[in-house]
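Throughout, protein chains are lettered first and strands after them, A, B, ... in sequence-line order, and every chain is numbered starting at 1.
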Protein chains: 2
Amino acid sequence: MPLLSAERERKLGLRERKKIQTRQAIRHAAYRLFAEQGYDATPIDQIAEMAEVSPSTVFRYFPAKEDIVLTDEYDPVIEEVLRDRPADEHPVESIRQALVASLHDLARSEGDDIALRTKLLRDVPAIRGRMAEAQEESSRIVRSVLAERTGKPDDDLELRVIASSILNALHETIMYWVDTGQNDDLEQLMHTTLDILIRGLTLSALSDTALKPHQQ
Amino acid sequence: MPLLSAERERKLGLRERKKIQTRQAIRHAAYRLFAEQGYDATPIDQIAEMAEVSPSTVFRYFPAKEDIVLTDEYDPVIEEVLRDRPADEHPVESIRQALVASLHDLARSEGDDIALRTKLLRDVPAIRGRMAEAQEESSRIVRSVLAERTGKPDDDLELRVIASSILNALHETIMYWVDTGQNDDLEQLMHTTLDILIRGLTLSALSDTALKPHQQ
DNA sequence: AACCCTTTGAGAGTTACTTTCATTTGACGC
DNA sequence: GCGTCAAATGAAAGTAACTCTCAAAGGGTT
């Protein structure tokens with residue numbers, strides 16, 4: 001009879017539930033304190049105290065202070081969506097769809113903390129550094145999918161430039177969105193951005209000036 | 001008689017000379033130790049000892065350990081060259097020239113340490129984070145020049161995307177160059193990269209596939 | 001030589017981690 | 001229910017990157 005195992009699956013066992021609970025408690029406390037006093041001004045001990053756990057436990061759940069903020073990984077989502085796109089679709093279009101899709105996921109799963117999180121992402125050097133790493137990882141994934149589809153080696157310069165350009169442009173778009181008070185429709189901004197890339201960085205105000213590839 | 005002041009200018013005074021000397025001694029010691037034992041495995045105290053200064057002095061010269069590696073700023077150079085380009089030249093072309101020029105400067109001024117430095121730049125998270133910040137600053141400068149020339153506001157999304165794309169692509173190019181053992185001609189790689197951007201991320205292997213701007 | 005101002009070094013303190021080890025507490029077979 | 005095992009926790013000591021303060025040393029100037 002699978003009743004017990006089904007129950008365990010739903011309830012995940014008391015241990016697992018407590019772990020999730022603790023994790024949330026720590027993050028919650030941290031967010032509150034970060035918002036009140038700022039990131040640097042908030043020592044781990046204080047977070048631990050408010051979350052009612054020991055400092056060691058905080059470090060056990062989050063190897064570094066930044067990890068409390070840098071929570072979720074988009075990468076697996078991106079890769080999955082990306083591989084699910086039809087193989088004959090143009091790669092840049094696939095990436096567009098995959099990233100927009102994972103963005104939707106994110107926007108829904110994040111609660112009210114999203115504003116605070118994006119601000120920390122922008123303002124705290126340590127967090128930004130980690131963000132850059134994450135972006136590089138995403139870039140590597142996108143590149144490997146591109147490599148599969150084109151048959152090029154995945155350390156090809158062209159692929160690297162294309163993949164990193166797209167990720168960078170979308171990152172810049174998010175920062176623009178944050179800087180302007182998150183009033184715009186992020187998805188629409190992203191489409192605009194990708195169109196700029198695809199068109200070849202042609203400045204709309206300067207489209208009269210010819211742009212030719214470099215001649216040696 | 002301007003002899004004294006001229007002498008001072010050349011000699012910079014004993015005090016200034018000593019400062020420069022100390023700075024170099026610290027950096028030199030640090031580079032040696034980083035190369036031998038790695039960045040993380042090298043405490044400041046050890047660097048101080050080898051440089052024959054006190055640990056406090058190290059912190060006085062370099063506010064953070066990363067700063068020992070992240071020395072020079074390209075930004076002023078870039079901005080100067082950029083503003084010196086003819087006003088009617090296409091911005092992307094100006095940027096191309098400015099960045100290639102400042103690259104030349106850099107390649108000459110850096111001695112043997114350039115290989116180690118680029119590796120640290122790639123491998124040490126803290127340093128990469130700082131690098132990302134520096135890139136953002138460069139991007140801001142490029143953007144402001146673009147804004148002047150086009151008359152657009154300098155927080156325009158299009159300008160942000162264009163400026164950051166160019167910087168990001170060149171950064172990716174340098175990383176490619178490092179990853180492949182610095183055998184290629186970096187300047188040529190950069191031209192190739194910029195051409196990819198200008199052409200609009202058209203994958204050469206897929207140029208048969210049409211790429212159209214997004215339709216809502 | 002005497003005075004001033006800057007640089008330096010010494011030392012104490014803070015904070016983010018790391019490691020170790022003993023204690024607690026779910027999980028599971030019986 | 002109950003004992004046993006493994007995992008989660010907490011306490012404590014240690015390391016390393018900074019920060020701050022203050023007194024000593026050393027250039028610069030007259």
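- Here the side chain of B:Arg15 is nearest to one of C:dA27, D:dG28, C:dG11, namely D:dG28.
- Residue B:Leu120 comes nearest to B:Phe34 through the heavy atom pair CD1-CD1, 4.0 Å, listed as atom of the first residue, atom of the second, then distance.
- Within the structure, a side-chain polar atom (N or O) of B:Thr57 is placed less than 4.0 Å from OP1 or OP2 of C:dG9.
- D:dG10 atom P lies 15 Å from atom CD1 of A:Ile44, rounded to whole Å.
- Distances shown here put every side-chain N or O of B:Lys65 at or beyond 4.0 Å from the OP1 or OP2 atom of D:dA16.
- Counting heavy-atom neighbours within 6.0 Å of A:Arg23 CZ, excluding the residue itself, gives a total above 12.
- The CD1 atom of A:Ile26 sits 15 Å away from the C1' atom of C:dC17 (whole-angstrom rounding).
- Neither OP1 nor OP2 of C:dT7 sits under 4.0 Å from any side-chain N or O of B:Lys18.
- In this structure, B:Arg60 places its CZ atom 11 Å from P of C:dA10, rounding to the nearest Å.
- For the pair B:Gln46 CD and D:dC18 C1', the interatomic distance rounds to 18 Å; values are reported in whole Å.
- Within the 4.0 angstrom heavy-atom criterion, only backbone atoms of the sugar-phosphate kind lie near A:Pro63; the bases stay farther away.
- Between A:Thr22 and D:dT9 there is a side-chain polar atom (N or O) within less than 4.0 angstrom of OP1 or OP2.
- B:Phe59 places its CZ atom 14 Å from the C1' atom of C:dG11, with the value rounded to the nearest Å.
- To the nearest angstrom, P of D:dG26 lies 15 Å from CD of B:Gln21.
- With a 6.0 Å cutoff to the six-membered ring centre and a 45° limit on the axis angle, A:Lys65 counts as a cation-pi contact of A:Tyr39.
- One interatomic measurement links the two molecules: CD1 of A:Ile127 to P of C:dA16, which rounds to 13 Å at whole-angstrom precision.
- In this model, the phosphate group of D:dA8 is not approached by any side-chain N or O of A:Tyr61 to a distance below 4.0 Å at OP1 or OP2.
- For D:dA11, its base never sits under 3.5 Å from the side chain of A:Ser54 at any donor and acceptor pair.
- Side-chain atoms of A:Arg128 do not come within 3.5 Å of backbone N or O of A:Asp123 as any donor-acceptor pair.
- B:Leu14 has its CG atom 5 Å from the P atom of D:dG28, to the nearest Å.
- Side-chain N/O atoms of B:Arg17 and base N/O atoms of D:dG27 include no donor-acceptor pair closer than 3.5 Å.
- Both A:Pro55 and B:Asp40 lie close to DNA chain D; mapped to their nearest nucleotides by heavy-atom distance, the more 5′-ward contact belongs to A:Pro55.
- With respect to B:Glu148 and B:Arg83, a salt bridge is recorded, a charged nitrogen being found less than 4.0 Å from a carboxylate O.
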